[in-house]
Amino acid sequence: MTTAITAADRIRGCLLGGHLGDALGADIEFIYSLDEIRAKHGPEGVTGLNASYHGVLAPCTDDTQMTLFTAEGLVRAARGGGDPVIEVYQAHLRWLDTQTMTYPPAGAVGLAAEQVLYARRAPGNACMSGLRSPGMGTLARPKNPDSKGCGTVMRSAPFGLCYGYDEAYRLAGECAAQTHGHPTAIRSTGLFAGIIADLMTGVPLREAVGRAVDAEGSGLGARETRDALAAAVKLADAASGKPRAEDVEAVGAGWIAEEALAIAVYCALACDGDVVAGLLAAVNHGGDSDSTGAIAGNLLGAAYGDQSLPADWVLELEALRVVNRIADDLIETFLR
Ligand SMILES: [Mg+2]
């Protein structure tokens, strides 16, 4: 007998799953081939948590850090009546401080007071430069207009946890424009948030992804994102419940937005509910392993809930307490 998955389970699952995928991929983000990963970690590649990332068993890197700050911005906007785009931007500026300071400043509150987040874990260049340049970007005049790195997709699951499809899509895109202005980055980010929003209402993963593939639009961003997602779905449909590393590498390397989303979608779909298999497939490739792991973890956790995640791994997460606190804040703010 299975227990119904609640919206609260999906919120917590999404955030914990993201942290888990991030942690599993952290050590191999910059190992650029599957052969080298296998040489270091064994014939199956990474098969679980290991302390190979600077001795940290389950590290919280920029992907999880930024996701947490996105969530904090949305909570503050909802509680204080502020503009979500401005609040998320200001939250990301607080994240930027964690990358340049070694400990929380006097009087810091919320995430800015959490020592565990003051760690520089290979933050993306566009995230740093976009936030450092003065003022806010807009969809018409975005920051870094040529950048379509995955750094905006990997931080954007919370929009879908807090809002319905249309609003999640819009807000995620406007917040993407603060760091990654390429239309494909903005489109991929919006669709990722939209898929998460659909999962929150119980739409099955395959159906939620299908809706994203079918989303209207003919511009460059729509075309590139749709093509990447359609390729991922086709391979996943043929995978018969077992994701394959060769398929992952055929979808892409994940450094750019639409490839990162497509790899995560492939792994989440192809594993057919075997969450551990999906997470491991999402990191064992020569590309941006921690980001694709984080995005796949967000999708799997939102689709199957926190109870689907391996408890012994979850308990080891470096920022477990902080992730749980932010999940509590989201649940209290958006589910009542
Ligand atoms: Mg990272």
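Ligands are counted one by one from 1 in listed order, and the atoms in each one are counted from 1 as well. A quick note: this is a predicted structure, and the numbers were derived from the prediction, not measured.
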**Q** If you look at D290, which of its N/O/S atoms is nearest to the Mg ion (ligand 1)?
**A** OD2

**Q** To the nearest 0.5 Å, tell me how far L315 CG sits from W313 CH2.
**A** 13.0 Å

**Q** Just verifying a value: how many Å separate E114 CD and R94 CZ, rounded to the nearest 0.5 Å?
**A** 12.5 Å

**Q** Pick one: which of Q99, R155, H19 meets side-chain hydrogen bond (donor to acceptor under 3.5 Å, both in side chains) with Q65?
**A** Q99

**Q** Regarding E29, does it place an N, O or S atom less than 2.8 Å from the Mg ion (ligand 1)?
**A** no

**Q** Write the atom name of the N, O or S atom in D62 that is nearest the Mg ion (ligand 1).
**A** OD1

**Q** Could you confirm whether M154 has any N/O/S atom lying under 2.8 Å from the Mg ion (ligand 1)?
**A** no

**Q** Please confirm whether the backbone N or O of S289 pairs with a side-chain atom of T292, one donor and one acceptor, at under 3.5 Å?
**A** yes

**Q** Would you say D63 reaches the Mg ion (ligand 1) with an N/O/S atom under 2.8 Å?
**A** yes

**Q** State whether a side-chain donor-acceptor pair under 3.5 Å links R132 with T100.
**A** no

